[in-house]
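Order of listing sets the numbers, starting from 1, for every ligand and every atom in it. When reading the values below, keep in mind they use all heavy atoms of this one structure, side chains included, and skip hydrogens, waters and symmetry mates.
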Amino acid sequence: MTRHNSGAVRCRSVRKVWAEGTGKETVALEGIDLDVAPGEFVVMLGPSGCGKSTMLSLIAGLEQATGGSIEADGEPVVEPGPDRCMIFQQSSLYPWLSVAENVGFGLKLRGRPRAERRRVAQELLRTMGLGDVLDKHPDELSGGMRQRAAIARALAMEPKVLLMDEPFAALDVQTRAKLQDFIGQVWRDSGASVLFVTHSIDEAVSLADRIVVFTARPGRIKAVIPVELDRPRDPRSPEYHQLHDRLIDLLADEVDRAFAQQEQAAS
Ligand code: ADP
């Protein structure tokens, strides 16, 4: 078999049909070709229901594609692996463990000694602005802090690919902006590739090396836009506005189509 070691993730002609062969069949994705380079930050942008989360689950190995191929680091993806960590909108920290123990939990499963787990947790939590809450429990933290701890827990496993499914969508606007800053920093330090799903144009322009715009369902790639603005990105700059407007134009028809699909499904 030919192996391609050039990229962190390689998707070819990916198709996903949910509930195939039943009356409730849904073609979620069609003909997806996507490469993510090592260390690259790719944002998937598209209307609700266009298959973005489905795409992440396939790359995570939580679900199997109906057709096409997905490789991570040159190996076909057949199941979840520690090289690919998924972060969801609502983090799922263990409530009975301290924040530091949560962050070190995966390392414990790998048999790493307690002192090492503590050191790694300390370092990561400090980078995420959580150096003061190592020994607190998740229910003592705000939503934004819990989400940062969940990201630290994923990074402790030193994944090659971080798969983030609208990780900041449940947070208020200010917290969301702060977390975007944090993720920008830790991503650069970690060297991991990131595949980040959002339907926020601002989030995409703030974070991405490349933005992949999806069509309404069945999700296809409508455009791939490299973002060549210096970081940190200035939302007041004319270049930022230009790109933002271009993305609004690209998405407008797709959002209308997705809305019509939802209305039809509900009637
Ligand atoms: P997005 O993340 O872009 O909002 P999703 O990937 O969640 O879109 O969903 C794409 C389509 O696939 C939607 O029509 C959704 O209802 C359907 N879908 C998603 N997950 C499942 C599932 N587990 N079973 C059946 N249909 C699903």
Side-chain angles (χ1 to χ4, degrees), residues 9 11-34 36 41-70 72 77-80 84-92 147 150-151 154 161-171 176 180 183 193-205 207-208 210-225 247-267:
V9 177
C11 305
R12 286 293 174 276
S13 308
V14 171
R15 172 179 163 83
K16 176 64 181 176
V17 184
W18 289 109
E20 195 171 25
T22 71
K24 291 181 179 166
E25 193 167 287
T26 304
V27 183
L29 294 167
E30 191 77 86
I32 304 291
D33 291 334
L34 177 64
V36 182
F41 201 121
V42 172
V43 171
M44 298 199 280
L45 182 67
S48 172
C50 74
K52 305 180 296 297
S53 301
T54 300
M55 196 64 221
L56 283 192
S57 327
L58 299 179
I59 296 169
L62 297 169
E63 299 286 344
Q64 294 301 308
T66 313
S69 66
I70 300 181
V77 169
V78 286
E79 59 184 2
R84 285 157 285 131
C85 272
M86 186 100 162
I87 293 169
F88 298 95
Q89 197 178 109
Q90 303 285 354
S91 74
S92 52
Q147 202 60 341
I151 294 168
V161 183
L162 265 183
L163 303 166
M164 307 187 82
D165 195 354
E166 303 217 41
F168 308 143
L171 306 173
R176 192 169 178 156
Q180 285 170 6
I183 196 66
S193 307
V194 177
L195 259 159
F196 188 108
V197 162
T198 184
H199 53 248
S200 158
I201 293 178
D202 273 306
E203 197 156 77
V205 179
L207 292 172
R210 275 191 304 150
I211 301 174
V212 180
V213 181
F214 279 72
T215 67
R217 204 181 64 243
R220 296 171 184 273
I221 294 179
K222 177 162 182 164
V224 179
I225 317 269
L247 289 164
I248 291 181
D249 288 344
L250 276 168
L251 277 174
D253 293 350
E254 307 308 329
V255 171
D256 286 348
R257 271 180 57 210
F259 186 73
Q261 283 171 350
Q262 280 159 12
E263 298 268 291
Q264 201 180 3
S267 63

Residues which pass side chain to side chain contact (heavy atoms under 4.5 Å, CB included) with Ala216, listed by chain and number, not counting sequence neighbours: Pro47, Glu254, Arg257, Ala258, Gln261
Given Met164, which partner from the list Val197, Leu195, Ile151 fulfils the side-chain contact (heavy atoms from CB on, under 4.5 Å) test? Ile151
With a 3.5 Å cut-off and sequence neighbours excluded, list the donor-acceptor pairs that the side chains of residues 56-70 form with protein atoms.
| from | atom 1 | to | atom 2 | distance (Å) |
| --- | --- | --- | --- | --- |
| Ser57 | OG | Ser53 | O | 2.9 |
| Gln64 | NE2 | Val78 | O | 2.9 |
| Thr66 | OG1 | Val17 | N | 2.7 |

Flag side-chain contact, heavy atom, 4.5 Å: Val27 against Arg217: no
Sort out the contact shell of ligand 1: every protein residue with a heavy-atom distance below 4.0 Å, listed by chain and number. Trp18, Thr26, Ala28, Pro47, Ser48, Gly49, Cys50, Gly51, Lys52, Ser53, Thr54, Arg217
Pairs touching residues 15-28 that satisfy side chain to side chain donor-acceptor pair (under 3.5 Å), sequence neighbours left out: Arg15-Glu30, Trp18-Thr54
Between Glu166 and Lys52, does at least one N-O distance fall below 4.0 Å, as a salt bridge requires? no
